[in-house]
A.B. asks: 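Take a look at the following structure, please.
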Amino acid sequence: MAFYFCNMKKLILLIALFGMVACTKTQYKEQIVEASCGQCQFDLKTQMGCDLAIKIDDKAYFVEGAHIDDYGDAHDKKIGFCNVIRKAKITGTIEKNMFKVTSFEVIK
């Protein structure tokens, strides 16, 4: 019986460690990405209205911590994120399918 409980403790510990590894954040160092409106340019459907998004490795993520209008009028015909895809230098983490930005700089 003691052998059974010892193995159960090891199994529970292993499951807990696996859970912690699976839930870790993906930290990104500074990199250049495409940035635009998630709905208008990247065809994201999980939020309503126009929201800032980026693409990393051909996958789009909404941005938390920077607003689409922080970088000019989102609907401007020449530079607005709803009309064009721009380049940005970013750092941050991906958490729950969202990019939590620590820095976001539009490259002119």
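Below, each value reflects all heavy atoms present in this structure, side chains not excepted, and no hydrogens, waters or symmetry copies. Keep in mind the model is a prediction, meaning the values are calculated, not measured.
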A.B. asks: To the nearest 0.5 Å, what is the distance between OG on Ser103 and NZ on Lys89?
C.D. replies: 8.5 Å

A.B. asks: May I have the step-by-step check of side chain to side chain contact (heavy atoms under 4.5 Å, CB included) for Arg86 and Glu34, ending in yes or no?
C.D. replies: CA-CA 6 Å; Arg86 300 171 71 185; Glu34 291 182 328; over 6 Å; no

A.B. asks: Does Glu64 reach the main-chain N or O of Val101 with its side chain, forming a donor-acceptor pair under 3.5 Å?
C.D. replies: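 Absent.
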
A.B. asks: Quick one: CD1 on Ile32 to CD on Glu30, what's the gap to the nearest 0.5 Å?
C.D. replies: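 It comes to 6.5 Å.
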
A.B. asks: When the ring planes of Phe104 and Tyr71 are compared, do they come out parallel, tilted or perpendicular, using 30° and 60° as the limits?
C.D. replies: tilted

A.B. asks: For Gln31 and Ile56: C-alpha separation, side-chain torsions, deciding distance, then whether side chain to side chain contact (heavy atoms under 4.5 Å, CB included) applies.
C.D. replies: CA-CA 9 Å; Gln31 62 181 311; Ile56 298 175; 4.1 Å; yes

A.B. asks: Could you give the distance from NZ (Lys100) to CD1 (Ile94), rounded to the nearest 0.5 Å?
C.D. replies: 12.0 Å

A.B. asks: Return yes if some donor-acceptor pair links the side-chain N/O of Ser36 with the main-chain N/O of Val84 below 3.5 Å, else return no.
C.D. replies: yes

A.B. asks: To the nearest 0.5 Å, how far apart are CG in Asp76 and NZ in Lys78?
C.D. replies: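 Spacing of CG (Asp76) from NZ (Lys78) equals 8.0 Å.
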
A.B. asks: Quick check on side-chain contact (heavy atoms from CB on, under 4.5 Å): which of Asp73, Val63, Leu52 does Ile68 satisfy it with?
C.D. replies: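 Between Ile68 and the candidates, side-chain contact (heavy atoms from CB on, under 4.5 Å) is satisfied uniquely by Leu52.
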
A.B. asks: For the NZ atom of Lys55 and the CZ atom of Phe99, what is their distance to the nearest 0.5 Å?
C.D. replies: 15.5 Å

A.B. asks: Would you name the heavy atoms of Asp69 and Ala74 that are closest together and state the gap between them?
C.D. replies: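 So the two residues come closest at OD1-N, 3.2 Å.
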
A.B. asks: Between Asp57 (side chain only) and Lys59 (backbone N and O only), is there a donor and an acceptor less than 3.5 Å apart?
C.D. replies: no

A.B. asks: Measuring only between side-chain heavy atoms, which start at C-beta, is Gln47 closer than 4.5 Å to Met98?
C.D. replies: yes

A.B. asks: Any sub-3.5 Å donor-acceptor pair from Thr102's side-chain atoms to Thr91's backbone N or O?
C.D. replies: yes

A.B. asks: Please check if the distance between the ring centroids of Phe42 and Tyr61 is under 6.0 Å.
C.D. replies: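 Centroid separation for Phe42 and Tyr61: 6.0 Å or greater.
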
A.B. asks: Mind checking whether Val33 and Lys87 have side chains closer than 4.5 Å, heavy atoms only?
C.D. replies: no

A.B. asks: How long is the gap from SG on Cys50 to NE2 on His75, to the nearest 0.5 Å?
C.D. replies: 3.5 Å

